[in-house]
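In what follows, every heavy atom counts, from backbone to side chain, and hydrogens, waters and symmetry copies are set aside. FYI, the numbering just counts along the sequence from 1.
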Amino acid sequence: MALSVKSIRRLKITSITVASLTLVYTLLGFFVLPLVVEHYLVSITKDKTGHDVSVANVSVNPFTFELTVEQFFLSSPEQPAYLTFQQLQVNVAPTSIFSDAYEVQSVQLSSPEFTLELHEDGSTNLPQIKGSEPAQPGLESTDEAGVVLAVLSLVELLDGKVTIKDDIRQVTKEILIERLSLVNVSTVEQALADYLLLINTPEQEHISVKGKLQLQPFIETTGNLSAADISLPDYHPFFKELYQGQLDKGRLSIMLPYDVSLQEGLTAELKNASVHLSNLQLSLGQQKLATLRQAAITGIHVLWPQQVVQVGAVFVSGGDIKATRSEAGVINWLGLIKPSKTPVEKKGVGNELTRSSVLSLLLAQLTLEKSVLQFNDRSVSLEGINTQVNVDTFSLKNVALNADQPMPLSLSMQLNKTAKIQVKGVLQPTFDQDVANVVVNNLVLPEFGGYLQPYLNTDLVSGMVDVDFKVNNVIGSELPLLLGDVQIKQ
């Protein structure tokens, strides 16, 4: 059936109209809209931050709903490159036009670089964001609480770098963000988003954070933080305000499974976390105070705000501790304590520590192996008394701040070159039972003559003693009762 002239004319008009609208839409989308986006991006950012903004290129694909921003620079007169990134791609779902929430298919930020400066007066280089005018009704997709309703299928940050310049501690630290990704982020409904953060440093340190995030009806996240081969001396400047020593060597690896929620306050839980330390060296000035080959803390369980800390085991091996006591009786380790700048006021009950305000701490087992303690005591004589303790094994179980159960104790060590010391027993929380049996073999008396000389009024030239006794604590007495045998040889 042939079309009438009127139908053909109507079809032509429709085709021309559609083609014209498509052409106008294409011209507006590809050429006009990028100029508008760039203008508002630069002007709004500069108005809010007070910093200069430059953008190399902005492009929009009106058919795929994709926005691309290339070579973004946020700078100030004091800092030419405050915040930069190579490329930002945003792909919005076409269904957002008909939805109450913003639906974003993907957001990808490539090669961002940010510099954070911490100044000596406590200020930072972060810009002061100026307040914005209240949003007009119908211009934003928000809920009754003012939360922007959005669904983001994928958010990615690739190859980023954060530089921290700390003028207070005089240190600069670079953090390389290999990847940060968020999958299925939603503020519309209760949904779990997967997130992954991979961080490296120029010192070949590796940190990863992986877990799930919920934003509605309240913020909750569960996941795992792991860090491998962290160089502790690199972070010493951040902790030097706590003590006066130097951490010369040391590596750290941690595994922290966590569960955190923000609902009527912060609730946090660490589950079966672990910390591993290796090759530590601590010094004070020119004095080397201690070295440690390895230490492991496993089975860490923390509850907050309940203030409960439970530790499965602490294992220490290869420790070498050097301590001295001066003529005035001052032990060199006390030099690590940094004096307080402001005196602590103790007024009223509010500043007093109570049982409920102290952490509940329980350590299932503490083990120390193959460690050495070297002690030089000059408080007795100018030459000093040198004592070396070689600990083969030391074990203590059920250690608690508020002990309510027995704590089995085991110790095997060598004192100087000849004396052997064995201690086995149980530390009782009530202190009304036999707590330990102590056996000392081949204790050379002249090595401790400096301690005995004030009582004997003579010098010990030779002598050796064996001791086998029990330590029994008597109720109502501040001193333990020693029951056993002493055998003097030579």
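- Defined by atom type and a distance below 3.5 Å, a donor-acceptor pair is missing between the side-chain atoms of Ser278 and Arg251.
- At a cut-off of 3.5 Å, with distance as the only test, no side-chain donor of Gln388 or Asn416 sits close to an acceptor on the other residue.
- Looking at Thr221 and Tyr258, their side chains never bring a donor and an acceptor atom within 3.5 Å of each other.
- Taking Gln108 as the reference, Gln89, Ser110, Glu156, Leu158 meet the side-chain contact (heavy atoms from CB on, under 4.5 Å) condition, with sequence neighbours excluded.
- Side chain to side chain, Ser208 and Ser226 meet the donor-acceptor criterion of an N or O pair below 3.5 Å.
- A donor-acceptor contact closer than 3.5 angstrom links the side chains of Ser412 and Gln422.
- By the neighbour-count criterion of 12 heavy atoms within 6.0 Å, atom CZ of Arg169 is densely surrounded, having more than that number from other residues, nucleotides or ligands.
- Residues passing the side-chain contact (heavy atoms from CB on, under 4.5 Å) test with Asp234 are Lys173, Glu203, Glu205, Ser231, sequence neighbours excluded.
- The CE atom of Met255 sits 13.0 Å away from the OG1 atom of Thr298 when rounded to the nearest 0.5 Å.
- Ser181 OG to Leu198 CG: the interatomic distance, rounded to the nearest 0.5 Å, is 7.5 Å.
- Ion pairing between a basic and an acidic side chain is recognised when a charged N comes within 4.0 Å of a carboxylate O; Asp320 and Lys322 show such pairing.
- His206 and Glu178 are not linked by any side-chain donor-acceptor pair at a separation below 3.5 angstrom, with hydrogens and angles left out of the test.
- Counted by atom type alone, Ser283 and Asp248 present one or more donor-acceptor pairs between their side chains at under 3.5 Å.
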